[in-house]
**Student:** 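One structure, pasted below without further comment.
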Protein chains: 2
Amino acid sequence: MAGGESSHAVRSTALLKDEVDIVIPTIRSLDFLEGWRPFFQPYHLIIIQDGDPSRTISVPDGFDYEFYNRNDINRILGPKASCISFKDSSCRSFGFLISKKKYIFTIDDDCFVAKDPSGKEINALEQHIKNLLSPSTPFFFNTLYDPYREGADFVRGYPFSLREGVQTAVSHGLWLNIPDYDAPTQLVKPRERNTRYVDAVLTIPKGTLFPMCGMNLAFNRELIGPAIYFGLMGDGQPISRYDDMWAGWCVKVVCDHLGLGVKTGLPYLWHSKASNPFENLKKEYKGLFWQEELIPFFQSTTFPKECTTARECYIELSKQVRARLVKLDPYFNKLADAMVTWIEAWDEYNPTGEVGSAAADVSGGPAKGK
Amino acid sequence: MAGGESSHAVRSTALLKDEVDIVIPTIRSLDFLEGWRPFFQPYHLIIIQDGDPSRTISVPDGFDYEFYNRNDINRILGPKASCISFKDSSCRSFGFLISKKKYIFTIDDDCFVAKDPSGKEINALEQHIKNLLSPSTPFFFNTLYDPYREGADFVRGYPFSLREGVQTAVSHGLWLNIPDYDAPTQLVKPRERNTRYVDAVLTIPKGTLFPMCGMNLAFNRELIGPAIYFGLMGDGQPISRYDDMWAGWCVKVVCDHLGLGVKTGLPYLWHSKASNPFENLKKEYKGLFWQEELIPFFQSTTFPKECTTARECYIELSKQVRARLVKLDPYFNKLADAMVTWIEAWDEYNPTGEVGSAAADVSGGPAKGK
């Protein structure tokens, strides 16, 4: 879908336009939406203002959106607002919570439309939807990557019983230009840019963890929503910049237990701004050593058979966090509390079986556009 | 390295030219070597003639090679020749066995030099050597693929304790043009061609099996040689076309146990001939249902701690094949016997600690060229 087509033409071919919400946390400005207009305009946006609520952030004309700042979140969630981070892009969790749609696409405000090697603008959302609508293959690796893609298939030696695949819960997209490095790597390689376009989508195998980045991410909220919580980060917390990692480790172990798939690869977007590595180091330094304990924790996490939904798994996970991670730092007690509060809030806004339909209303209502 | 350069220029930059043998099974002709001349000429070739030994197969001038037909194999191995398949490309195992080098690259005679998207000829062997010389990352997935490649690194959230990686044992390359499909898929999609060049190398995570194709494969013989045995296939056996799959499943579980890495992706070569799907169906049909049992077998295979080498693991694996797979078909008894014979032959030609140096001589000697 070329950027030059009229918005009407775009609209009529937008995949699942009534089943996807685009969740955008922002602290600066929403100017980046201009480039995405041909692709995003048919969809509904949920914008979460991060930081000072008295600052005005304007939304470009013509988009269909809800807009929430911190005051809105506090008013709507009341005491349960404690589970939504402040001064951290993990505030996007609020959008996941109050969405009424089946699918979420979330993107950062410093991410622009990338071009594929032929020079064509990449419709990232369309690719995410394709990833989510086609099955995953977590039990056996296919050497020609996504076997459901046009021009590909399962290769010789791939068991037939596994070729149906499983439902895809998560689609993790990548970034051209500024790669998603931690502060030490940024400091060591300040000029490294990602210029390699790898034309592949693949399933991350069962039992393997990965670093999930929240910049360019889509998921099936109905299947896995309760397990995609970006945690307690930022203001008042000892850590930042691990919100998406935390969510990724949680969601992967839950998907592995439930037999759901996680894909990574296409689509790319263009990540424009390298964040300040010294600032990042301050935010993430505890995470840099905590992760050495967290990975073995997640690698050894198992769920009882009775846990058959993402919600049930997540409650169980909160218990294991409390039992096994508090020795690392008392913060994990707060995080376990927040995980429980998150599920309570989830239950309120997403009564069982009603995802995708009208659940609890956001009392007081948000600012709306269009 | 462009094909137009003089062979002298090529020679002087050939990576590890004294540490690699190129093993080629052939039944037809070696004309395909002409295209590979700029890349292969600095290396030593071990050519195994498959099928009728009275047929003459000529080697293009200028290559440094050993050449073995079935009579040679029988004379050299004596009774142990029973472990080398006849009328099947799995006869290449003989080359792995009698090589004195640290690394093996094996390629089929219907595979030609491919071009990358810029039109440059791909030096497949050079890429395999790079893959084998750089570490693997089997314990955690890196979303920017091979972190050791130029322009890439470990992304945020990748544990630092895992960034050293582990030794790479196997490098599995891919194929443009004719994809490596089984007979049913060939029948259903006779015209499908692989045109997608995926510019990535990645480690297949620990605990995940994959379909290893023998067309374009390299490995570290010193680390893993005894576990890369292509089994008993072809003449006198109930199955063909599963030689590389069998070797791949075996080598992956052994690598997982030993903490070694298996990479897949680049390099591509150009696979020219689609084999006859009806012939293939006849050869592989038992495999098509056996694999449904073999995959769970390999997924549940574990090794005792005492197994600390590929050789020890492979002996243990032969016992498990006999104990757990004979119920599937009596063939697996023969295969377990052959696995033991293979290790006996391996021991003879590769006395402990002497891989890479002069071990047992191939009595009688092969036909040699150059």
Side-chain angles (χ1 to χ4, degrees), chain A residues 117 138-145 149 151-162 172 174 179-185 188-189 192-200 202 204-213 241-242 244-245 248-249 264-265 284 287-289 291-292 294-295 299, chain B residues 117 138-145 149 151-162 172 174 179-185 188-189 192-200 202 204-213 241-242 244-245 248-249 264-265 284 287-289 291-292 294-295 299:
Chain A
F139 306 121
F140 198 87
F141 189 87
N142 192 49
T143 51
L144 289 183
Y145 310 100
R149 213 174 153 192
D153 211 311
F154 293 96
V155 300
R156 185 169 55 92
Y158 204 103
F160 283 84
S161 60
L162 296 177
H172 177 260
L174 300 175
D180 189 33
Y181 289 164
D182 50 44
T185 309
V188 170
K189 292 177 148 183
E192 189 152 290
R193 296 294 177 264
N194 186 27
T195 58
R196 186 173 292 130
Y197 182 94
V198 175
D199 188 13
L202 56 96
I204 300 175
K206 183 178 177 178
T208 303
L209 293 171
F210 78 116
M212 186 178 86
C213 171
R241 273 173 64 84
Y242 270 87
D244 42 6
M245 296 300 139
W249 297 328
T264 186
E284 75 188 22
L288 296 178
F289 52 90
Q291 73 190 1
E292 301 294 340
L294 297 180
I295 297 311
Q299 283 174 334
Chain B
F139 306 121
F140 197 88
F141 189 87
N142 193 48
T143 51
L144 289 183
Y145 310 101
R149 214 175 152 192
D153 211 311
F154 293 96
V155 300
R156 185 169 55 92
Y158 204 103
F160 282 85
S161 60
L162 296 177
H172 178 260
L174 301 175
D180 188 33
Y181 289 162
D182 51 43
T185 309
V188 170
K189 292 178 148 182
E192 189 152 291
R193 297 294 177 264
N194 186 26
T195 58
R196 185 174 292 129
Y197 182 93
V198 175
D199 187 12
L202 57 96
I204 300 176
K206 183 177 178 180
T208 302
L209 293 171
F210 78 114
M212 187 179 85
C213 171
R241 274 173 64 83
Y242 270 87
D244 42 4
M245 297 300 138
W249 297 327
T264 186
E284 75 188 22
L288 296 179
F289 52 89
Q291 73 190 1
E292 302 294 339
L294 297 179
I295 297 310
Q299 283 174 334

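Chain letters run A, B, ... following the sequence lines, proteins first and then strands; every chain starts at 1.
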**Student:** Hey, is the main chain of G151(A) close enough, under 3.5 Å, to the side chain of K189(B) for a donor-acceptor pair?
**Tutor:** no
**Student:** Apply ring-ring contact (aromatic ring centres under 6.0 Å, His included) to Y197(B) and list each qualifying residue two or more places apart in sequence or on a separate chain.
**Tutor:** Y268(B)
**Student:** Could you tell me which portion of F289(B) (side chain, backbone, both or neither) has an atom closer than 4.5 angstrom to a non-hydrogen atom of chain A?
**Tutor:** neither
**Student:** Return the option, out of Y242(B), Y158(B), F210(B), F139(B), with the maximum number of heavy-atom pairs under 4.5 Å with chain A.
**Tutor:** F210(B)
**Student:** Who among H172(B), E284(B), R241(B) has the most heavy-atom pairs with chain A under 4.5 Å?
**Tutor:** R241(B)
**Student:** Under the side-chain hydrogen bond (donor to acceptor under 3.5 Å, both in side chains) rule, collect the residues that match up with R156(A), sequence neighbours excluded.
**Tutor:** D180(B), D244(B)
**Student:** For S161(A), is it the side chain, the backbone, both or neither that has a heavy atom under 4.5 Å from a heavy atom of chain B?
**Tutor:** both
**Student:** For a quick test of reading the model, state the closest non-hydrogen atom pair linking V198(A) to V198(B) and the distance between them.
**Tutor:** CG1-CG1, 3.6 Å
**Student:** Looking at M245(B), M212(B), K206(B), which one has more heavy-atom pairs under 4.5 Å with chain A than the rest?
**Tutor:** M245(B)
**Student:** Pick one of side chain, backbone, both or neither for T185(A), based on which atoms fall under 4.5 Å of a heavy atom in chain B.
**Tutor:** side chain
**Student:** Checking A152(A) against chain B: side chain, backbone, both or neither under 4.5 Å from a heavy atom?
**Tutor:** both
**Student:** Are D153(A) and V188(B) close enough that some pair of their side-chain heavy atoms sits under 4.5 Å apart?
**Tutor:** no
**Student:** Please report the closest heavy-atom contact between R196(B) and D199(A), naming both atoms and the distance.
**Tutor:** CD-O, 3.3 Å
**Student:** Between F160(B) and P184(A), what is the shortest heavy-atom contact and its length?
**Tutor:** CZ-CG, 4.1 Å
**Student:** Can you find a heavy atom in the side chain of V155(A) that is under 4.5 Å from one in the side chain of C213(B)?
**Tutor:** no
**Student:** Taking side chain as everything from C-beta outward and backbone as N, CA, C, O, which of these in L209(A) sits under 4.5 Å from a heavy atom of chain B? Side chain, backbone, both or neither.
**Tutor:** both
**Student:** State, to 0.1 Å, how close P211(B) and F140(A) come at their nearest heavy-atom pair, and which atoms those are.
**Tutor:** CD-CE2, 3.7 Å
**Student:** Please rank L202(B), T195(B), T208(B) by heavy-atom pairs under 4.5 Å with chain A and give me the top one.
**Tutor:** T208(B)
